[in-house]
Amino acid sequence: MKIKISNVLIETQERLLGYVSEMSYGYAQLCVKADPSSLLSFEEKIDDRKYRMEEMAKIEIHNTEEDNDKIDLYPIDPAYISTLISGMFKIHPEFKISVEKYIIDEEDDDSPQLRFVRLTMPKVTKERRDLLLDAIDLLDYKCKGRHEEMKIKYTKELTKVCIGEKPESIDEAKDKMEQILKHFSEMRQQLTTKKKEEVENAYQRYLREKTKEDGINRDADGNPIGKTLKLEE
């Protein structure tokens, strides 16, 4: 395949991947369960030097089904705790941020070396679920629109560089382009579906917790079961 044709296909792939990656990063900031990607924008200054999260703390992600909404930050230096807290509040004020203590035999040991920071994702109530789903749809729509723009742009570019080529080379190039477009379209859809499922699972967990707290069974939309609902006028 000619170099010009190859370059168009490579550039198409790079641009589409870039947009999907940007969308994926956006999804990571819509925090539902523990995701280390949500810490990527952390950057704090100490003594005129900027520190990223990995330079200040060891990260532990909770990943069990009923406890996957927590991230623990174990400071490399106990003096970093206050900086970790203030830095996280800047980038994710919606998190519940608490200082916890290692579980040890000596209950009264309040040594700073035994402290760590716990980040707990906000509960997905019905209101938060609706906001998250709207944000997901917006990010997906933006990514899909950009992909459509790239499809038009690079299909035209491919047509130009294929002028004068053999029919079999043109057919091969068109097939490659279709494969690239299909691959990234499916990738976008899969990421969006996965994120929506993540939101729904967190919402259902919230409903289960509410049922335990108040003893009222609820349907999938959070409405009490067995009670007459007041209709909006």
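Here the structure is a predicted model, which means the values were calculated and not measured. This chain uses plain numbering: 1 for the first residue, then up along the sequence.
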Just how far is it from atom [atom1] of [X] to atom [atom2] of [Y], taken to the nearest 0.5 Å?
| X | Y | atom1 | atom2 | answer |
| --- | --- | --- | --- | --- |
| Thr159 | Lys156 | OG1 | NZ | 9.5 Å |
| Leu30 | Leu133 | CG | CG | 10.0 Å |
| Lys33 | Asn201 | NZ | CG | 8.0 Å |
| Gln179 | Leu9 | CD | CG | 10.0 Å |
| Thr12 | Leu158 | OG1 | CG | 7.5 Å |
| Glu157 | Ile152 | CD | CD1 | 13.0 Å |

Could you check Leu181 against Ser185 for side-chain contact (heavy atoms from CB on, under 4.5 Å), going step by step and ending with a plain yes or no? CA-CA 6 Å; Leu181 294 171; Ser185 176; over 6 Å; no
What verdict does the side-chain contact (heavy atoms from CB on, under 4.5 Å) test give for Met88 and Met53, after you've listed the backbone C-alpha separation in whole Å, the side-chain angles of each residue and the deciding distance to 0.1 Å? CA-CA 10 Å; Met88 286 307 307; Met53 177 60 74; 3.7 Å; yes
Closest non-hydrogen atom pair, [X] against [Y]:
| X | Y | answer |
| --- | --- | --- |
| Gly26 | Leu139 | C-CD1, 3.8 Å |
| Tyr19 | Met150 | CE1-CG, 3.7 Å |
| Cys143 | Met23 | CB-SD, 3.7 Å |
| Cys162 | Ile170 | O-CD1, 3.7 Å |
| Ile61 | Ala34 | CG2-CB, 3.5 Å |
| Ala173 | Ile5 | CB-CG2, 3.6 Å |

Quick one: do Arg208 and Arg205 satisfy side-chain contact (heavy atoms from CB on, under 4.5 Å)? Show the steps, please. CA-CA 5 Å; Arg208 290 194 297 272; Arg205 181 169 68 186; 3.5 Å; yes
Stepwise side-chain hydrogen bond (donor to acceptor under 3.5 Å, both in side chains) check, Gln204 with Glu200: CA-CA 6 Å; Gln204 293 305 317; Glu200 187 58 32; 2.7 Å; yes
Check whether any side-chain N or O of [X] sits under 3.5 Å from a backbone N or O of [Y] as a donor-acceptor pair, and report yes or no.
| X | Y | value |
| --- | --- | --- |
| Thr193 | Gln189 | yes |
| Thr211 | Leu207 | yes |
| Ser86 | Thr83 | yes |

Does the side chain of [X] reach to within under 4.5 Å of the side chain of [Y], using non-hydrogen atoms?
| X | Y | answer |
| --- | --- | --- |
| Arg188 | Leu16 | no |
| Glu55 | Ile46 | no |
| Glu11 | Tyr154 | yes |
| Leu39 | Leu119 | yes |
| Lys126 | Arg129 | yes |
| Leu191 | Asp140 | no |
| His92 | Ser38 | yes |
| Glu198 | Tyr27 | no |

Linking I/L/V/M/F/W/Y whenever any side-chain heavy atoms sit under 4.5 Å apart, do [X] and [Y] land together?
| X | Y | answer |
| --- | --- | --- |
| Ile136 | Leu138 | no |
| Ile10 | Val161 | no |
| Val99 | Met121 | yes |
| Tyr141 | Val199 | no |

Applying ring pair (Phe, Tyr, Trp, His ring centres under 6.0 Å), can you list everything that pairs with Tyr206, at least two apart in sequence or on another chain?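 Once residues adjacent in sequence are excluded, Tyr206 has no partner under the ring pair (Phe, Tyr, Trp, His ring centres under 6.0 Å) criterion.
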With sequence neighbours excluded, what pairs up with His147 under the ring pair (Phe, Tyr, Trp, His ring centres under 6.0 Å) test?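 His147 satisfies ring pair (Phe, Tyr, Trp, His ring centres under 6.0 Å) with no residue once adjacent residues are dropped.
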Check side-chain contact (heavy atoms from CB on, under 4.5 Å) between Asp35 and all other residues, then give those that pass, not counting sequence neighbours.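 Asp35 satisfies side-chain contact (heavy atoms from CB on, under 4.5 Å) with Ala28, Ser37 only.
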Under the side-chain contact (heavy atoms from CB on, under 4.5 Å) test, which residues partner Glu54, sequence neighbours left out?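 Partners of Glu54 by the side-chain contact (heavy atoms from CB on, under 4.5 Å) criterion, ordered by chain and then number, come out as Arg52.
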For Glu44 and Lys50, run side-chain contact (heavy atoms from CB on, under 4.5 Å): C-alpha distance rounded to whole Å, both residues' side-chain angles, the deciding distance at 0.1 Å, then the answer. CA-CA 5 Å; Glu44 285 294 297; Lys50 290 182 178 180; over 6 Å; no
Apply the test side-chain hydrogen bond (donor to acceptor under 3.5 Å, both in side chains) to residues Thr125 and Tyr203: give CA-CA distance (whole Å), side-chain angles for both, the deciding distance (0.1 Å), then the verdict. CA-CA 6 Å; Thr125 62; Tyr203 177 59; over 6 Å; no
Please determine, by modelled atom types, if Glu100 and Ser98 share a side-chain donor-acceptor pair under 3.5 angstrom.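 Yes, Ser98 and Glu100 have a side-chain donor paired with an acceptor closer than 3.5 Å.
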Give every donor-acceptor pair under 3.5 Å between a side-chain atom in residues 69-76 and any protein atom, sequence neighbours left out.
unit_1, atom_1, unit_2, atom_2, d
Lys70, NZ, Asp67, OD1, 2.8
Asp72, OD1, Arg118, NE, 2.8
Asp72, OD2, His62, NE2, 2.8
Asp72, OD2, Arg118, NH2, 3.1

Under the 6.0 Å and 45° cation-pi test, does Arg49 pair with Tyr51?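 Arg49 over Tyr51 ring: yes.
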Could you list the cluster mates of Leu40? Members are the ILVMFWY residues connected by side-chain heavy atoms closer than 4.5 Å, either directly or through other members.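 Noted: Leu40 shares its cluster with Tyr25.
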